[in-house]
Each structure stands twice: as C-alpha cells, then as structure tokens.
Colleague: 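Pasting a structure below so you can have a look.
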Amino acid sequence: MWRWSSPPGPRRIPTDRFDRRKLFVGASALLLAVALTIPAVSASWTAMLAFSVVNGLAFGCYMAVDTALVTMVLPKAEDAARDMGVLNIATAGPQIVAPFIASVIVSLSGGYTALFVVAAVLAVAGAPAVKPIRSVR
C-alpha cells in the first residue's frame, strides 16, 4: 500500500531516517489519544469517519514501530521466535480482558463517551512506558 500511494523513487521509513523508535511509539500513543477524543466529543457520522482515519494512522504506526522496537531489545537472537511468541501472548491477554472491563465502564456510565475518555487517558498514560528502554533511541 505504501508503494502504491506514494511517488516512485527511494525513500526511507521516518523511524529509520531519524533513528528514533521511542519517539514514534510515544507520538502514536498520543495520536491515539487524540483519535479517541473524537467520538467522545461528537458521535456524528463525520466524526466517526475522522476517528477511523486518525485511529488507523495511530494504531498502524504504533504496531509497526513497537514491533520493531521489541525486536531490537530481544536478549538473544537464538531465542527470538520464543520471545516473540511470549510477546504475542502478552498482547492477546489484555484483548481477552478488555471487553469485560469496557462493559463495566459502559454500564456504570450509561454510554460510550466515558469508555472513549478512559481509553484516551490510558493511551496517554502508556506513552511514557518506553522511556526506560536504554538500548534503543
């Protein structure tokens, strides 16, 4: 898709060009928070389309750069497959629990606005989680 939507010629992914993975993980988490505030402010069709676009950009950037960051901090190359499997389990766990927590938030608040606000707050709170990583910029 990147090749189809951009002009031909040599180019580099911004995280490679600037050699800053943590910056892009943090920025994508903050962009995700911005995306999550859109449906909290307006539930119109246009707002949901804007949410979809901004959320897609933020989540796509986060997943790509975070996965690259994780592969850079793996302890041993021989154990990379096992470690990535553990990462997959660590990623899937919250996806199993999150719908139950979301249902409680929606039930207690009476709507989805509070759910989007809580998600935005969690995105901002998660942004500094990559700061302690010293081996990657």
Side-chain angles (χ1 to χ4, degrees):
M1 181 84 164
W2 176 267
R3 284 274 186 209
W4 298 338
S5 64
S6 60
R11 67 187 91 23
R12 292 178 66 190
I13 306 296
T15 62
D16 293 340
R17 186 177 334 139
F18 299 120
D19 193 30
R20 301 268 190 233
R21 306 296 184 276
K22 293 193 297 187
L23 172 70
F24 283 90
V25 169
S28 63
L30 296 176
L31 185 60
L32 179 61
V34 169
L36 289 163
T37 58
I38 295 171
V41 173
S42 173
S44 70
W45 176 250
T46 306
M48 293 312 286
L49 289 175
F51 164 72
S52 297
V53 170
V54 178
N55 185 52
L57 288 170
F59 189 68
C61 178
Y62 174 80
M63 290 303 291
V65 178
D66 189 56
T67 302
L69 187 132
V70 166
T71 60
M72 295 173 79
V73 298
L74 293 176
K76 289 195 283 186
E78 307 86 52
D79 298 331
R82 183 199 64 205
D83 293 339
M84 292 302 284
V86 171
L87 173 69
N88 187 35
I89 293 169
T91 302
Q95 293 176 10
I96 294 169
V97 176
F100 298 105
I101 295 171
S103 68
V104 170
I105 293 169
V106 170
S107 296
L108 292 176
S109 68
Y112 285 90
T113 301
L115 180 64
F116 284 113
V117 170
V118 168
V121 168
L122 290 174
V124 170
V130 295
K131 188 170 173 52
I133 301 172
R134 295 175 194 240
S135 61
V136 178
R137 294 171 44 180

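For this chain, numbers begin at 1 and follow the sequence in order.
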Colleague: How far apart are the closest heavy atoms of I38 and A47, and which atoms are they?
Modeller: CG2-O, 3.2 Å
Colleague: Under a single-linkage definition using a 4.5 Å side-chain heavy-atom cutoff for Ile, Leu, Val, Met, Phe, Trp and Tyr, are V65 and M63 assigned to the same hydrophobic cluster?
Modeller: yes
Colleague: Testing the basics here: between M48 and A43, what is the closest heavy-atom pair and its distance to 0.1 Å?
Modeller: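 Heavy atoms only, the tightest pair is CG-O, 4.4 Å.
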Colleague: For S44, check side-chain hydrogen bond (donor to acceptor under 3.5 Å, both in side chains) against everything at least two apart and list the hits.
Modeller: S42
Colleague: To the closest 0.5 Å, what do you measure between OG1 (T67) and CE (M84)?
Modeller: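 CE of M84 is found 6.0 Å from OG1 of T67.
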Colleague: Which atom pair, heavy atoms only, marks the closest approach of A90 to P94?
Modeller: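 Taking A90 first and P94 second, the nearest heavy atoms are O-CD, 2.9 Å.
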Colleague: Please answer: with hydrophobic residues joined when any side-chain heavy atoms are less than 4.5 Å apart, are L122 and L31 in the same cluster?
Modeller: yes
Colleague: What heavy-atom pair brings G26 and A127 nearest, and what distance separates the two atoms?
Modeller: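 Heavy-atom minimum between the residues: O-CB, 4.1 Å.
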Colleague: Report yes or no: do V117 and V41 belong to one cluster of Ile/Leu/Val/Met/Phe/Trp/Tyr joined by side chain heavy-atom distances under 4.5 Å?
Modeller: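 Each belongs to a different hydrophobic cluster.
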Colleague: L87 and V70: which non-hydrogen atoms are nearest, and at how many Å?
Modeller: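 Minimum heavy-atom contact is CD2-CG1, 3.6 Å.
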Colleague: What are the two closest heavy atoms between L36 and A120, and how far apart are they?
Modeller: CD1-N, 3.6 Å
Colleague: Going by the side-chain hydrogen bond (donor to acceptor under 3.5 Å, both in side chains) test, which pairs reach into residues 76-98, not counting sequence neighbours?
Modeller: none
Colleague: Going only through I, L, V, M, F, W and Y residues with side-chain contacts under 4.5 Å, is there a path from V54 to Y112?
Modeller: yes
Colleague: Roughly how far apart are L32 CG and L57 CG, rounded to 0.5 Å?
Modeller: 11.5 Å
Colleague: Going only through I, L, V, M, F, W and Y residues with side-chain contacts under 4.5 Å, is there a path from L115 to F100?
Modeller: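 No, because L115 and F100 fall into different hydrophobic clusters, even though each may have its own neighbours under 4.5 Å.
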Colleague: Show me the pairs that pass ring-ring contact (aromatic ring centres under 6.0 Å, His included) and involve residues 40-76, at least two apart or across chains.
Modeller: F51-F116
